[in-house]
Undergrad: 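This is the structure I want to talk about, given as structure tokens.
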Amino acid sequence: MRKIMSRQDFFRKELVTELRRVEAMMRKEENIEKKIYYFSAAYGITNRTLRYAFTDDYLMADFVLNTCYTGLMDRFKRIRSGDSTVPLEARHFEKIQEGMRLLADAFDEGTSILKPLEAILTATFATSGPGNYLREKGDLQI
């Protein structure tokens, strides 16, 4: 007898698959602009998922990922315009990618998404002026 997957399970599985794909694509890419582009797909899938299978976790993930994408794009645009005060470093993206993997794992296993989102948010915050300053002082570690 074939078991029918619930609506919630279907959308959760799709979310996990897409988050893993985003993380893998970001990992393979060397170009920072393309890494940010791939990262935008993460909040794209959380937004679609919460519209069809709403949970507070999907909403929280969507908000954090969207906010982080906006922050990364802001920093990227500043760098392009000649502002070199805060660089986008490989370390930032390593931590974001790690957070993405852990976020996919958390959704897959039904565990807390707080730590993965904190890792993504902290790495992204470190690309802002205040975040970079705290990192240079040694108060913020990524």
Side-chain angles (χ1 to χ4, degrees), residues 3-142:
K3 184 179 178 192
I4 297 176
M5 187 181 300
S6 76
R7 177 185 175 109
Q8 286 291 103
D9 286 343
F10 172 80
F11 285 108
R12 182 186 49 76
K13 188 173 182 153
E14 290 296 308
L15 172 65
V16 169
T17 299
E18 189 66 15
L19 290 174
R20 292 193 194 291
R21 181 177 297 119
V22 167
E23 186 259 338
M25 292 175 85
M26 286 179 71
R27 223 173 258 291
K28 287 182 200 170
E29 184 58 54
E30 293 295 320
N31 180 287
I32 288 174
E33 187 173 17
K34 284 283 281 219
K35 280 184 180 287
I36 296 170
Y37 166 74
Y38 290 138
F39 182 64
S40 73
Y43 78 83
I45 189 62
T46 55
N47 192 268
R48 285 188 301 278
T49 303
L50 72 86
R51 291 170 188 251
Y52 293 108
F54 181 85
T55 69
D56 292 340
D57 280 353
Y58 297 157
L59 179 61
M60 178 68 76
D62 184 63
F63 182 81
V64 170
L65 294 173
N66 193 330
T67 301
C68 289
Y69 168 77
T70 301
L72 288 171
M73 277 306 294
D74 178 64
R75 177 54 49 203
F76 181 75
K77 288 176 184 175
R78 287 173 186 259
I79 291 169
R80 265 184 141 174
S81 71
D83 177 355
S84 61
T85 55
V86 180
L88 285 174
E89 302 170 8
R91 182 76 177 144
H92 295 122
F93 290 97
E94 289 164 11
K95 293 309 264 183
I96 290 168
Q97 292 157 186
E98 180 183 320
M100 292 290 295
R101 181 180 47 77
L102 294 173
L103 182 61
D105 290 347
F107 278 126
D108 194 28
E109 297 162 7
T111 58
S112 174
I113 63 169
L114 187 58
K115 291 291 182 197
L117 289 179
E118 285 175 354
I120 295 166
L121 185 59
T122 301
T124 303
F125 179 65
T127 70
S128 71
N132 186 65
Y133 177 73
L134 291 171
R135 186 173 174 211
E136 287 181 7
K137 283 187 2 177
D139 293 343
L140 185 145
Q141 310 271 324
I142 60 166

Undergrad: Can you confirm whether the side chains of H92 and R135 place a donor and an acceptor under 3.5 Å from each other?
TA: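 Yes, R135 and H92 have a side-chain donor paired with an acceptor closer than 3.5 Å.
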Undergrad: Inspect the contact between K77 and D74 and indicate whether a charged nitrogen and a carboxylate oxygen are less than 4.0 angstrom apart.
TA: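 Salt bridge flag = no for K77 with D74.
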Undergrad: Restricting to non-hydrogen atoms, name the atom on G99 and the atom on A119 that form the minimum distance, rounded to 0.1 Å.
TA: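 The pair with the smallest heavy-atom distance is CA-CB, 4.3 Å.
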Undergrad: Quick one: closest heavy-atom pair of A42 and L19, and the distance?
TA: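 Where A42 meets L19 most closely, the heavy atoms are CB-CD2, 4.1 Å.
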Undergrad: Could you check whether any side-chain N or O of R7 sits under 3.5 Å from a backbone N or O of Y52, counting only pairs where one atom can act as donor and the other as acceptor?
TA: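 Judged by distance alone, yes, a pair lies under 3.5 Å.
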Undergrad: Is the closest side-chain heavy-atom distance between I79 and I32 below 4.5 Å?
TA: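 Not in contact.
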Undergrad: Any donor-acceptor pair under 3.5 Å linking the side chain of R48 with the backbone of G44?
TA: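 Answer holds: yes.
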Undergrad: State, with a plain yes or no, whether a side-chain heavy atom of L59 is found less than 4.5 Å away from one of F63.
TA: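 Not in contact.
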Undergrad: Are D108 and D105 close enough, and set up right, to give a side-chain contact (heavy atoms from CB on, under 4.5 Å), and what steps lead you there?
TA: CA-CA 5 Å; D108 194 28; D105 290 347; 5.5 Å; no
Undergrad: I need the minimum non-hydrogen distance between G71 and T127, along with the two atoms involved.
TA: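 It is O-OG1, 4.5 Å.
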Undergrad: Assess the residue pair R20 and E23 against the criterion (salt bridge (charged side-chain N to carboxylate O under 4.0 Å, His left out)); give the C-alpha distance rounded to whole Å, side-chain angles, the decisive distance to 0.1 Å, and a yes or no.
TA: CA-CA 5 Å; R20 292 193 194 291; E23 186 259 338; over 6 Å; no
Undergrad: So which of V22, V16, L15 actually passes side chain to side chain contact (heavy atoms under 4.5 Å, CB included) with E18?
TA: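 That would be V22; it is the only one of V22, V16, L15 passing the side chain to side chain contact (heavy atoms under 4.5 Å, CB included) with E18.
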Undergrad: Please name all residues satisfying side chain to side chain contact (heavy atoms under 4.5 Å, CB included) with S81, sequence neighbours left out, ordered by chain then number.
TA: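 Listed in chain order: nothing, the list is empty.
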Undergrad: Will you find, in the side chains of D57 and T55, an N or O donor that is under 3.5 Å from an N or O acceptor?
TA: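 No.
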Undergrad: Quick one: closest heavy-atom pair of R75 and D83, and the distance?
TA: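 That would be NH1-OD2, 3.7 Å.
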Undergrad: Give a yes or no on whether the backbone of T46 and the side-chain of D62 come within a donor-acceptor separation of less than 3.5 Å.
TA: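 It does not hold such a pair.
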Undergrad: Do D139 and Y133 come within less than 4.5 Å of each other through their side chains, counting heavy atoms only?
TA: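 Side chain of D139 against side chain of Y133, heavy atoms only: no contact under 4.5 Å found.
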Undergrad: Do E14 and T49 have side chains that get closer than 4.5 Å, going by heavy atoms?
TA: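 Side-chain contact under 4.5 Å: no.
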Undergrad: Does some side-chain heavy atom of L65 sit less than 4.5 Å from a side-chain heavy atom of L103?
TA: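 They are in side-chain contact.
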